[in-house]
Amino acid sequence: MHFSAKTLEDQLERVRALESRLTFRLSILSKFLDQQAQAMLEGSGVNLTGYRILNVINTLGGTSISDISRFCAMDRAQVSRSATELERQGLVTFKEDAVSKRKKLVEISSAGNALLETIKPAFLERNEKLDELLGPERKAALTEAINLMTEHVTR
């Protein structure tokens with residue numbers, strides 16, 4: 001196959017246009033961060049979705065599948081499947097809500113807490129490295145920008 005200089009230049013221009021799209025770049029960054037996090041979880045027995053669910057439950061206390069789903073912007077069915085798997089592993093428990101008997105609450109178990117404590121240092125270190133990389137001004141600006149974009153897309 002023969003490529004002319006014009007063909008290559010046109011293709012390069014299309015690549016530049018794609019890479020100039022903020023949403024495209026954010027999506028790629030998100031994928032890289034997810035891949036890195038999944039690698040950090042290797043050998044822990046939980047995947048990234050499970051880890052996020054454990055963190056939310058640990059932060060909020062006993063909470064519903066719907067609340068976890070909203071908090072993480074994840075599909076409710078995916079959260080339910082993952083929470084059921086976490087229960088099978090002994091990392092969470094389900095209990096009836098005292099207010100609404102139809103609703104179940106998911107609570108972290110002592111084994112789930114122990115797992116989070118072993119995983120947490122690596123994730124804290126990753127955050128610290130990103131904080132150092134950005135510095136306080138860039139981090140504040142990035143946080144403000146993320147908040148603004150989140151508000152815009154969730155209206």
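We number each residue from 1, following the sequence as shown.
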- Item | Donor-acceptor pair, side chain of Ser80 and main chain of Ala77, under 3.5 angstrom |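 No, because the side chain of Ser80 does not come within donor-acceptor range (under 3.5 Å) of the backbone of Ala77.
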- Task: For Asp67 and Ser64, run side chain to side chain donor-acceptor pair (under 3.5 Å): C-alpha distance rounded to whole Å, both residues' side-chain angles, the deciding distance at 0.1 Å, then the answer.
- Result: CA-CA 5 Å; Asp67 289 341; Ser64 70; 3.3 Å; yes
What side-chain donor-acceptor pairs closer than 3.5 Å can you find for residues 133-142, not counting sequence neighbours?
| residue | atom | partner | partner atom | Å |
| --- | --- | --- | --- | --- |
| Lys139 | NZ | Asp131 | OD1 | 3.2 |
| Lys139 | NZ | Asp131 | OD2 | 3.4 |

Taking atom [atom1] of [X] and atom [atom2] of [Y], what is their separation to the nearest 0.5 Å?
{"X": "Ile68", "Y": "Leu60", "atom1": "CD1", "atom2": "CG", "result": "8.0 Å"}
{"X": "Leu29", "Y": "Lys31", "atom1": "CG", "atom2": "NZ", "result": "11.5 Å"}
{"X": "Phe94", "Y": "Ile65", "atom1": "CZ", "atom2": "CD1", "result": "4.5 Å"}
{"X": "Ile108", "Y": "Asn58", "atom1": "CD1", "atom2": "CG", "result": "4.5 Å"}
{"X": "Met149", "Y": "Glu144", "atom1": "CE", "atom2": "CD", "result": "11.0 Å"}
{"X": "Leu124", "Y": "Ile119", "atom1": "CG", "atom2": "CD1", "result": "11.5 Å"}

- Query: CZ of Arg25: more than 12 outside heavy atoms within 6.0 angstrom?
  - Reply: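 No - once you tally the heavy atoms of other residues, nucleotides and ligands closer than 6.0 Å, there are 12 at most.
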What I want to find out is whether [X] reaches [Y] closely enough, with some N-O distance under 4.0 Å, to be called a salt bridge.
{"X": "Glu132", "Y": "Lys129", "value": "no"}
{"X": "Glu117", "Y": "Lys120", "value": "yes"}
{"X": "Arg14", "Y": "Glu9", "value": "no"}

Donor-acceptor list for residues 44-53 side chains, cut-off 3.5 Å, not counting sequence neighbours:
| residue | atom | partner | partner atom | Å |
| --- | --- | --- | --- | --- |
| Ser44 | OG | Leu41 | O | 2.6 |
| Ser44 | OG | Val46 | N | 3.3 |
| Ser44 | OG | Val46 | O | 3.4 |
| Asn47 | OD1 | Thr49 | N | 3.2 |
| Asn47 | OD1 | Gly50 | N | 2.8 |
| Thr49 | OG1 | Gln78 | NE2 | 3.4 |
| Tyr51 | OH | Asn55 | ND2 | 3.3 |
| Arg52 | NH2 | Asp34 | OD1 | 2.6 |

[X]-[Y] co-clustered via ILVMFWY side chain contacts under 4.5 Å:
{"X": "Leu105", "Y": "Met74", "value": "no"}
{"X": "Ile28", "Y": "Leu18", "value": "yes"}
{"X": "Met40", "Y": "Leu33", "value": "no"}

- Of the non-hydrogen atoms in Gly90 and Ala111, which two are nearest, and what is the gap between them?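 Smallest interatomic distance, heavy atoms only, reads O-CB, 3.5 Å.
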- Do the side-chain N and O atoms of Ser110 and Asn113 include a donor-acceptor pair separated by under 3.5 angstrom?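 Looking only at side-chain atoms, Asn113 and Ser110 do not form any donor-acceptor pair under 3.5 Å.
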- Query: Taking atom types as modelled, is there a side-chain donor on Ser66 or Ser69 under 3.5 Å from an acceptor on the other?
  - Reply: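 No donor-acceptor contact under 3.5 Å links the two side chains.
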- Partner residues of Glu107 under the salt bridge (charged side-chain N to carboxylate O under 4.0 Å, His left out) criterion, sequence neighbours left out: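 Listed in chain order: Lys95.
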- Task: Find out whether Gln38 and Glu42 are in side-chain contact, i.e. whether some heavy atom of one side chain is under 4.5 Å from a heavy atom of the other.
- Result: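 Not touching, per the 4.5 Å side-chain cut-off.
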- Take Arg16 and Leu12, measure what side chain to side chain contact (heavy atoms under 4.5 Å, CB included) needs, and give me the verdict at the end. CA-CA 6 Å; Arg16 284 187 190 119; Leu12 183 57; 3.1 Å; yes
